[in-house]
Amino acid sequence: MSAGFDILTLFPGMFQAYLGESIMKRASQRGLLDVKVYNTRDYAGDKHRIVDDYPYGGGAGMVLKIDPLYRAVHSIKSDGNERLSVLLSPQGALFNQGKAETLAKEERRVLFICGRYEGIDERVKELLVDEEISIGDYVMTGGELAALVIIDSVARLLPGVLGDEDSAREESFTGGLLDYPHYTRPPEFMGVRVPDVLLSGNHREIARYRRKEALRRTLQRRPGLLEKAALSREDCTIIDELCSEDTEMMRKWRRRNEPDTCC
Ligand code: 9D3
């Protein structure tokens, strides 16, 4: 399984640094990831290469014209390959891990059209786009970082991209909880000690400690995640333990679960 992405942007230079390093670079070299970047300005109709214009109805800012986008998308699609065409915009459906998994299984190349702050002619949605995606409720200046975020999260799901296949397996085991805390040498630094259990060599105890801390952090910081998480009998015992150690935890867990519905 591999993935191909086409990016249509006014700022093609923004992509080389990120995609040219580390895991994204290795994935490309191994033929698992292919990203092509296209400059919308190359598809402008005039010698001044103008791609925006004043908004109908007035108001501040400029609007990305539809015709350069139309020419660009049709030129990109003219290689005969099917594509999923995605507009990146703050109005899109929220991106999440499930969507990353869907895109990792997508057979077609995915074409990202990057919006910009000023706005984009609305007809792009009707004429050129299959779906619209946002990466979160905060304002960026354009869709370029969103494209990189999505490509990064999809690429790491492709078989062979991450060094050890364990990472993905452990992730599905962790199943929607926040991560447990990590430590490495030295055992004490500036008076702060590594928890004794991690130095004990008792692998059952270590696994239980990690699961407990993952559950603690999830309950503390992202209680909503626990609703979707797959919890075992043992998890419920651990949650009971956390609740008896800390009444704040108890309130958080109670609010999420009607009495006696644990597991
Ligand atoms: C005056 C502009 N805003 C009025 C509410 C709208 C707006 C349009 C375009 C705000 C930001 C942008 C640029 N952002 C994106 O193109 C974008 C984005 C984002 O800003 N946040 C989260 N995900 C995405 S995906 C594309």
Side-chain angles (χ1 to χ4, degrees), residues 3-19 23-24 33-44 49-77 83-106 108-157 176 221-222 224-225 228:
F5 296 97
D6 300 295
I7 300 169
L8 185 55
T9 172
L10 284 167
F11 304 98
M14 289 181 171
F15 295 88
Q16 314 312 330
Y18 195 81
L19 297 172
I23 294 170
M24 297 303 112
L33 175 67
D34 179 60
V35 183
K36 292 193 172 68
V37 184
Y38 298 88
N39 189 341
T40 311
R41 213 173 278 288
D42 291 342
Y43 303 89
R49 315 223 305 153
I50 290 169
V51 293
D52 57 3
D53 204 343
Y54 299 98
Y56 275 127
M62 302 292 275
V63 176
L64 261 181
K65 288 163 66 63
I66 185 66
D67 46 305
L69 291 172
Y70 186 90
R71 275 192 293 276
V73 169
H74 282 274
S75 166
I76 293 166
K77 284 184 167 174
R83 272 174 182 76
L84 176 69
S85 176
V86 176
L87 177 65
L88 299 170
S89 100
Q91 283 77 42
L94 263 191
F95 187 68
N96 58 22
Q97 190 63 22
K99 189 70 199 156
E101 284 163 18
T102 305
L103 287 179
K105 291 181 198 132
E106 174 62 57
R108 296 166 288 179
R109 290 181 70 87
V110 178
L111 165 61
F112 289 123
I113 300 171
C114 298
R116 275 266 118 198
Y117 193 79
E118 298 86 79
I120 188 164
D121 190 303
E122 186 72 14
R123 289 168 288 190
V124 70
K125 293 168 196 175
E126 197 173 323
L127 297 173
L128 301 176
V129 161
D130 299 311
E131 54 183 284
E132 201 173 344
I133 296 179
S134 160
I135 60 163
D137 294 334
Y138 36 82
V139 182
M140 300 190 292
T141 59
E144 285 77 10
L145 281 174
L148 284 172
V149 164
I150 295 170
I151 290 169
D152 188 285
S153 64
V154 170
R156 64 177 291 288
L157 294 175
R221 301 176 198 177
R222 301 287 305 280
L225 291 180
K228 296 172 223 156

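What you see below is based on every heavy atom in this structure, not just the backbone, and it leaves out hydrogens, waters and symmetry mates. Counting convention: from 1, in listed order, for ligands and their atoms alike. Every value quoted in this text rests on a predicted model; they were computed, and no experiment measured them.
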Looking only at protein heavy atoms, identify the closest one to [atom] and say how far it is in Å.
{"atom": "atom 24 (C) of ligand 1", "value": "Met140 CE, 3.6 Å"}
{"atom": "atom 25 (S) of ligand 1", "value": "Ser89 N, 3.4 Å"}
{"atom": "atom 23 (N) of ligand 1", "value": "Ile135 N, 3.1 Å"}
{"atom": "atom 21 (N) of ligand 1", "value": "Tyr138 O, 2.8 Å"}
{"atom": "atom 22 (C) of ligand 1", "value": "Gly136 O, 3.2 Å"}
{"atom": "atom 8 (C) of ligand 1", "value": "Tyr117 O, 3.3 Å"}

* Between Ser75 (side chain) and Arg71 (backbone), is there a donor-acceptor pair under 3.5 Å? -> no

Atoms in ligand 1 flagged as close to [X], the criterion being non-hydrogen separation under 4.0 Å:
{"X": "Arg116", "answer": "9 (C)"}
{"X": "Ala146", "answer": "25 (S)"}
{"X": "Val139", "answer": "10 (C), 11 (C), 20 (O)"}
{"X": "Gly115", "answer": "16 (O)"}

* Any Gly119 heavy atom less than 4.0 Å to ligand 1 ->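 The answer is no: ligand 1 sits nowhere under 4.0 Å from a heavy atom of Gly119.
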
* Asked: Of all the heavy atoms in Glu118, does at least one lie under 4.0 Å from an atom in ligand 1?
  ->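 Contact check Glu118 vs ligand 1: negative.
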
* Are there protein heavy-atom neighbours of atom 5 (C) of ligand 1 below 4.0 Å? -> no

* Asked: Protein heavy atom under 4.0 angstrom of atom 17 (C) of ligand 1, is there one?
  ->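 Given the 4.0 Å cut-off, atom 17 (C) of ligand 1 counts as touching protein heavy atoms.
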
* Do you know the tightest heavy-atom contact between Asp52 and Ile50? -> O-CG2, 3.2 Å

* **Nearest non-hydrogen partners of Gly143 and Leu88, listed with the distance** => O-CD1, 3.4 Å

* **CZ-CD1 distance between Phe95 and Ile150, expressed to the nearest 0.5 angstrom** => 5.0 Å

* Distance (rounded to the nearest 0.5 Å) between Leu111 CG and Leu128 CG -> 9.0 Å

* **Intermediate values then yes/no, side-chain contact (heavy atoms from CB on, under 4.5 Å), Met14 and Thr9** => CA-CA 9 Å; Met14 289 181 171; Thr9 172; 5.6 Å; no

Would you call [X] and [Y] a salt bridge, using N to O less than 4.0 angstrom?
{"X": "Asp42", "Y": "Arg49", "result": "yes"}
{"X": "Asp6", "Y": "Arg109", "result": "yes"}
{"X": "Arg108", "Y": "Glu106", "result": "yes"}
{"X": "Lys99", "Y": "Glu131", "result": "yes"}

* Structure fact -> Quick look: Thr141 vs ligand 1, heavy-atom contacts under 4.0 Å, and the answer is backbone

* Asked: Do Ile133 and ligand 1 have an N or O pair less than 3.5 Å apart?
  ->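 Looking only at distances, the answer is no, because the N/O contact criterion of under 3.5 Å is not met.
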
